[in-house]
Amino acid sequence: MARIVMKFGGTSMAGIERIRHVASLVKREVGAGNQVAVVVSAMAGETDRLVQLCREAASLYDPREYDVVVASGEQVTSGLLAITLQGMGLNARSYMGWQLPIRASGHAAALIDHIDAEILEGVFAQGGIAVIPGFQGVTAEGDLATFGRGGSDTSAVALAAAMKADRCDIYTDVDGVYTTDPRIVPRARKLEMITYEEMLELASVGAKVLQTRSVGLAMRYNMPLKVLSSFEDKPGTLIVGDDAIEDSIMERNVITGIAADKNEAMVTLTGLPDRAGTVAAIFAPLAAANINVDMIVQSVPRPGEPSTLTFTVPSASLAHTVAELDKAKEKIGFDEALSDTNVVKISAVGVGMRSNAGIAAQMFDTLADRGINIVAISTSEIKVSVLIPEEYTELAVRVLHTAYGLDAEDAA
Ligand code: ADP
Ligand code: ASP
Ligand code: MG
């Protein structure tokens, strides 16, 4: 007997037919003698619709009320799945975030503080199935809180850790984690295994198959994660610690995956004074305003000459960033603040980079061969990222995928 969290995403829950199929997958696990808690997303497209309604109601909406609106999608699907399971003769019940409770702080991108899984012990002792809406928790004030887009993944992993599950299975509309988004690159190859660290980097640079926070949590609790399809009966991808991979596969590709993130905006400040404190004067107000700065490039002028600094922020923070810079214009002393949202960040990730030189150079060469201009670069121990014009997204991902030897063998 194992204790499992099964999480089903929006496409898996999109309509009664799909929910029936999900119920059959749950029934199979329970029939095998396992204790099961199910975490569900809203039906595909529903959260987008709810977010749009909030925007239409007021451009600057109250995050508390936003949470009240967007959390409703998961309430619907959890009730529907419980009804469907009951109709199959199973002992199932839904538990809203506030009923467990899943304690959280903040709104719109709330953090999970603690999950009380006590109720579930009673449910399992009676052979029951708990159906839990993803994406939502409750604040200390008793308000609804949601965990940011894609947050049901984080709900599932946090719940798995709280109930000391043996594993957390993430069912989605693809049959695992691929070397890049299989909907963009048909030659993408499914990975049998990937390390937490690599998955964390891939998710953070745009591979939306898992919310980044969920991978961080799984790594922290050493919770075995599996990504698999709710549409096809296939093995899926295991996300595990470093050692598990090194022991099982002797030779791996240096690069594990490639991701694109169109959600970046670039800001360039011109005519900056060449003196100590300029950079600090730019980034201090942005940090105070909670704006996440990602890539930074500064052109080094001849001593005394004005310089230029370029950096990226999430597109959603661009207006806020420009407003903060305007306020600090005199203190910083720049000429112009230029911005551009037609950029994309392309990243290559792999733990093999630690022991292999030349990965970044290979990326620059490959893009240069196609005439793709690189605007900014950043690197970490296991990742290289470049900022390029957005129109080259697909081309860049495809040529890098081939250059790093990631194409599926059977691809034409
Ligand atoms: P769910 O609704 O089940 O949470 P998501 O849409 O959040 O599903 O995530 C699944 C999608 O992630 C896939 O349909 C795929 O297009 C995309 N994706 C991006 N990068 C990858 C990758 N490297 N491997 C697999 N899927 C990826
Ligand atoms: N329904 C939420 C969203 O679309 C949470 C999730 O599905 O993970 O972002
Ligand atoms: Mg998702």
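Just so you know, these numbers use all the heavy atoms, side chains as well, and skip hydrogens, waters and symmetry mates. As the structure lists them, so they are numbered: ligands from 1, and atoms in each ligand from 1.
Atom numbering of ligand 1 starts at 1 in the shown order; those under 4.0 Å from a heavy atom of D173 are 10 (C), 11 (C), 13 (C), 14 (O). Against a heavy-atom cut-off of under 4.0 Å, A207 is close to the following atoms of ligand 1: 20 (N). Which parts of ligand 1 touch V177 is read off a 4.0 Å heavy-atom cut-off, strictly below it: atoms 24 (N). The ligand atoms of ligand 1 that sit less than 4.0 angstrom from a heavy atom of Y178 are 22 (C), 23 (N), 24 (N), 25 (C). Counting atoms of ligand 2 from 1 in the listed order, those under 4.0 Å from a heavy atom of R149 are 3 (C), 4 (O), 9 (O). Less than 4.0 angstrom separates some heavy atom of K7 from each of these atoms of ligand 1: 4 (O). Taking a cut-off of under 4.0 Å to the non-hydrogen atoms of S152, the atoms of ligand 2 that pass are 5 (C), 6 (C), 7 (O), 8 (O). In summary, the atoms of ligand 1 found under 4.0 Å from a heavy atom of P182, numbered by their order in the structure, are 24 (N), 25 (C), 26 (N), 27 (C). Close contacts of ligand 2 with S41, meaning ligand atoms under 4.0 Å from a residue heavy atom, involve 6 (C), 7 (O), 8 (O).
For the pair R64 and Y66, the cation-pi criterion (under 6.0 Å, within 45° of the ring axis) is not fulfilled. Cation-pi geometry between R18 and F231 is met: under 6.0 angstrom from the ring centre, within 45 degrees of the axis.
Looking only at heavy atoms of the protein, atom 27 (C) of ligand 1 is closest to V209 CB, 3.7 Å. The protein non-hydrogen atom at the shortest distance from atom 1 (P) of ligand 1 is T172 OG1, 3.6 Å. Counting protein heavy atoms only, atom 15 (C) of ligand 1 is closest to D181 OD1, 3.4 Å. Distance from atom 2 (O) of ligand 1 to its nearest protein heavy atom, with residue and atom name: G10 N, 3.1 Å.
Ligand 2 has G151 within reach: a non-hydrogen atom of the residue lies less than 4.0 Å from it. Residue contacts with ligand 2 include G150, since one of its heavy atoms falls under 4.0 Å from the ligand. Not a single heavy atom of E46 lies less than 4.0 angstrom from ligand 2. G176 counts as a contact of ligand 1, since one of its heavy atoms falls under 4.0 Å from the ligand.
Interatomic distance, NZ of K383 versus CD1 of I359, reported as 15.5 Å (0.5 Å rounding). In this structure, the separation between CD1 on I129 and CG on L120 is 12.5 Å, given to the nearest 0.5 Å.
Salt bridge absent: K329 and E336 never bring a charged side-chain N and a carboxylate O closer than 4.0 Å. A salt bridge is absent between K208 and D153; no separation between the charged side-chain nitrogens and carboxylate oxygens falls under 4.0 Å. Taking the charged nitrogens against the carboxylate oxygens, E391 and K262 have no contact shorter than 4.0 Å, which rules out a salt bridge. Remark: R167 engages E29 in a salt bridge, criterion side-chain N to carboxylate O under 4.0 Å.
Annotation: D153 places no N or O atom under 3.5 Å from an N or O atom of ligand 2; distance criterion only. The shortest N/O to N/O separation between F135 and ligand 2 does not fall below 3.5 Å. The shortest N or O to N or O distance between S41 and ligand 1 is not below 3.5 Å. Some N or O of T47 is nearer than 3.5 Å to an N or O of ligand 2, by distance alone.
A donor-acceptor contact shorter than 3.5 Å is absent between the side chain of R149 and the backbone of Q211. E192 places no side-chain N or O within donor-acceptor distance of the main-chain N or O of T237, the cut-off being under 3.5 Å. The backbone N or O of V68 sits nowhere less than 3.5 Å from a side-chain atom of S72 that would complete a donor-acceptor pair.
When T393, T312, D294 are each tested for a side-chain hydrogen bond (donor to acceptor under 3.5 Å, both in side chains) with K345, only one passes: D294.
Distances from atom 5 (P) of ligand 1 to the heavy atoms of K190, M199, K208 show the closest one on K208.
With a heavy-atom cut-off of 4.0 Å, I184 does not touch ligand 1 at all. Of all the heavy atoms of Q211, none lies under 4.0 Å from any atom of ligand 2, so neither backbone nor side chain is involved.
Using a 4.5 Å cut-off on side-chain heavy atoms (C-beta onward), L90 and K27 make contact.
Note: F283 and F311 have perpendicular aromatic rings, judged against thresholds of 30 and 60 degrees for the angle between ring planes.
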